[in-house]
Protein chains: 2
Amino acid sequence: MRADARRNYDRIVEVAREVFREQGYDASLDEVAKRAGVGPGTLYRHFPKRENLLDAIMQSWVDRVNETTDKALAFEGSDRELLLHWFEDYVGLISLHKGGPAKITSAMGDPNSPIITKCKVLSSANDRVIERLRADGALRDDVETLQVCRLVGGVATVADQGSLEPEAVRPMLAVVVDGLLK
Amino acid sequence: MRADARRNYDRIVEVAREVFREQGYDASLDEVAKRAGVGPGTLYRHFPKRENLLDAIMQSWVDRVNETTDKALAFEGSDRELLLHWFEDYVGLISLHKGGPAKITSAMGDPNSPIITKCKVLSSANDRVIERLRADGALRDDVETLQVCRLVGGVATVADQGSLEPEAVRPMLAVVVDGLLK
DNA sequence: CACAATACGGAGAGAGTCTCCGGTTAGCAA
DNA sequence: TTGCTAACCGGAGACTCTCTCCGTATTGTG
């Protein structure tokens, strides 16, 4: 990759992160290009689809997912509390910007999504927590990771679209937790 | 309302129902107008916002909600089965077209939404079921209707956006049911 | 049958997406 | 340094969708 291309690529990602945070995932890409000081052509060459841009934005986010999971697993307390905290973390992780929870959760089941590798990261993280609980014998038998991701993703999506406070989200997550544990 | 206005109004609603079913809630409104044989001006005069059109579409749907609720309450079986069946019905009721679950569920908490009266209908229906279970002493103490609507709406939203089969949705609803019952 | 009042519809402004291609620049070889 | 070429840039513009404005047409009434 040529140096000027790299420069533009990085700048676009940086600006897009900012714009998406301000205006949500539906923000105008031409505005992103404008703010990054490049033409629309440059943006669309680097990121043919909106989701390719999202994928690039989420590159650095992977580390945060893993760190968060480590901390969640190191938690000392009841299984119930552990799972509830993890779900709250999970919601936080996918709520990067307005529209994020829906986008990420629906990409979860689509092998052709440009952000599928990011979904895999998240799914694996969730799996670590689930397996830990399963090993404790705390979980119901028929629970699978994808299902859990969808359930918690659903709560996050509703919270995102209804601009709910964390205090309104917790009780919903608690219901899911209770439904999953023995 | 003048006769020609009434005619156009009805025709637009009828066509919109069809177009939304075919293409989802994001369908072009100009296309709706075109198919209804009216100009865009006419459509936007009757329905200033997309949601006003949705509200009109859902007018006849109210009866179906009430009928479905009656049937659900007449169910003879365990509380768990009753609630699971009701949730499946609920998902079906809000899955009128692609984008429906998200739209309806997020309008649930917004008093200014044009479809708020429809949300109230749904919320009341859900309340009837919840209260019946509460009277049986089957429910946890801190359960409230709005929360339940959001939880099930979240599942429906995820299912809608991921084009999930009913067989994939049922286990998720079962988790919610187990989390709500004592 | 005439005449308000009401409603129609399409041209077009504005915003967003995305492409195409003439012009520019980086990086390398001499 | 200079010159060359592959790689890259950027913006004009085609297309789509939303929504408005206003001259024209239709309805229902006195």
Side-chain angles (χ1 to χ4, degrees), chain A residues 1-57 97-100 102-103 106-107 112-115 161, chain B residues 1-57 97-100 102-103 106-107 112-115 161:
Chain A
M1 198 179 209
R2 239 169 65 172
D4 52 347
R6 166 99 269 153
R7 228 177 5 249
N8 281 329
Y9 182 101
D10 290 343
R11 179 131 184 71
I12 290 170
V13 172
E14 190 186 346
V15 167
R17 202 169 355 236
E18 188 180 303
V19 173
F20 282 1
R21 197 171 45 227
E22 280 173 26
Q23 310 182 16
Y25 189 57
D26 291 331
S28 158
L29 295 188
D30 273 25
E31 154 130 16
V32 172
K34 194 176 291 177
R35 268 213 232 177
V38 303
T42 301
L43 189 150
Y44 285 100
R45 195 169 345 94
H46 285 308
F47 310 100
K49 301 169 70 174
R50 184 179 289 265
E51 292 194 331
N52 296 121
L53 185 50
L54 178 55
D55 187 65
I57 285 176
H97 53 248
K98 200 151 181 49
K103 199 73 232 171
S106 71
N112 299 318
S113 169
I115 62 167
Q161 289 171 355
Chain B
M1 198 178 208
R2 238 169 65 173
D4 54 346
R6 166 99 270 151
R7 225 176 10 247
N8 282 329
Y9 182 101
D10 290 343
R11 178 131 185 72
I12 290 170
V13 171
E14 190 186 345
V15 167
R17 200 168 357 234
E18 188 181 302
V19 172
F20 282 1
R21 199 172 41 228
E22 281 174 23
Q23 310 181 16
Y25 188 58
D26 290 331
S28 158
L29 294 188
D30 273 24
E31 155 130 16
V32 172
K34 193 176 292 178
R35 268 212 231 176
V38 304
T42 301
L43 189 150
Y44 286 100
R45 195 169 345 93
H46 286 306
F47 310 100
K49 300 168 69 175
R50 185 179 288 265
E51 291 194 333
N52 295 120
L53 184 50
L54 179 55
D55 188 64
I57 285 177
H97 53 250
K98 199 150 181 52
K103 198 73 234 170
S106 71
N112 299 318
S113 169
I115 62 167
Q161 289 170 354

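Everything numeric here is computed off the predicted structure, so don't read it as measured data. Below, read A as the first sequence line, B as the second, and so on, with proteins coming before strands; counting in each chain starts at 1.
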remark   = Nearest heavy-atom contact between A:Ala107 and A:Ser113 is CB-OG, 3.4 Å

query = Just how far, in rounded Å, is P of C:dT25 from CZ of A:Arg7?
reply = 11 Å

Side-chain heavy atoms of B:Lys103 within contact of B:His97, under 4.5 Å = no

Which atoms of nucleotides 28-30 of chain D (N or O only) lie under 3.5 Å from a protein N or O atom, and what are those distances?
from	atom 1	to	atom 2	distance (Å)
D:dG28	OP1	B:Ala3	N	3.1

inquiry  = Can you give me the closest heavy-atom contact between A:Gln161 and B:Ala102, atom names plus distance?
reply    = OE1-CB, 3.5 Å

message = Whether B:Asp30 and B:Lys34 form a salt bridge (side-chain N of Lys/Arg under 4.0 Å from carboxylate O of Asp/Glu) is what I want to check.
response = no

request  = Find the distance A:His46:NE2 to D:dC8:C1' and express it as a whole number of Å.
outcome  = 8 Å

request  = Looking at every strand, decide which applies to B:Arg45 at a 4.0 Å heavy-atom threshold: base, sugar-phosphate, or nothing.
outcome  = base

request  = In sequence, state the C-alpha distance, the side-chain angles, and the governing distance for A:Glu51 and A:Tyr25, and then conclude on side-chain contact (heavy atoms from CB on, under 4.5 Å).
outcome  = CA-CA 10 Å; A:Glu51 292 194 331; A:Tyr25 189 57; 3.4 Å; yes

request  = Take the protein atom CG of B:Asn8 and the nucleotide atom P of C:dG10, then report the distance between them rounded to whole Å.
outcome  = 12 Å

key: Side chain proximity check, A:Arg50 to A:Leu54, heavy atoms < 4.5 angstrom   = no

ask   = Looking at residues 22-42 of chain A, who's got a heavy atom less than 4.0 Å off DNA chain C?
value = A:Ala27, A:Ser28, A:Leu29, A:Asp30, A:Pro40, A:Gly41

message = Treating A:Arg35 as the side-chain partner and A:Ile12 as the backbone partner, does any N or O pair qualify as donor plus acceptor under 3.5 Å?
response = no

query = Is it true that a side-chain atom of A:Asn52 and a backbone atom of A:Lys49 form a donor plus acceptor pair closer than 3.5 Å?
reply = yes

ask   = Rounded to the nearest Å, what distance is computed from the OH atom of residue B:Tyr44 to the C1' atom of nucleotide C:dG10?
value = 14 Å

ask   = Looking only at heavy atoms, which two atoms of A:Asp55 and A:Pro114 are closest? And how far apart?
value = OD1-O, 3.3 Å

Rounded distance (Å) that lies between atom C1' of C:dG9 and atom CZ of B:Arg11 = 16 Å

task = Figure out the NZ/P separation between B:Lys49 and D:dC17, and round it to whole Å.
result = 22 Å

Nearest-Å distance for atom pair CG/P, residues A:Leu43 and D:dC8 = 15 Å

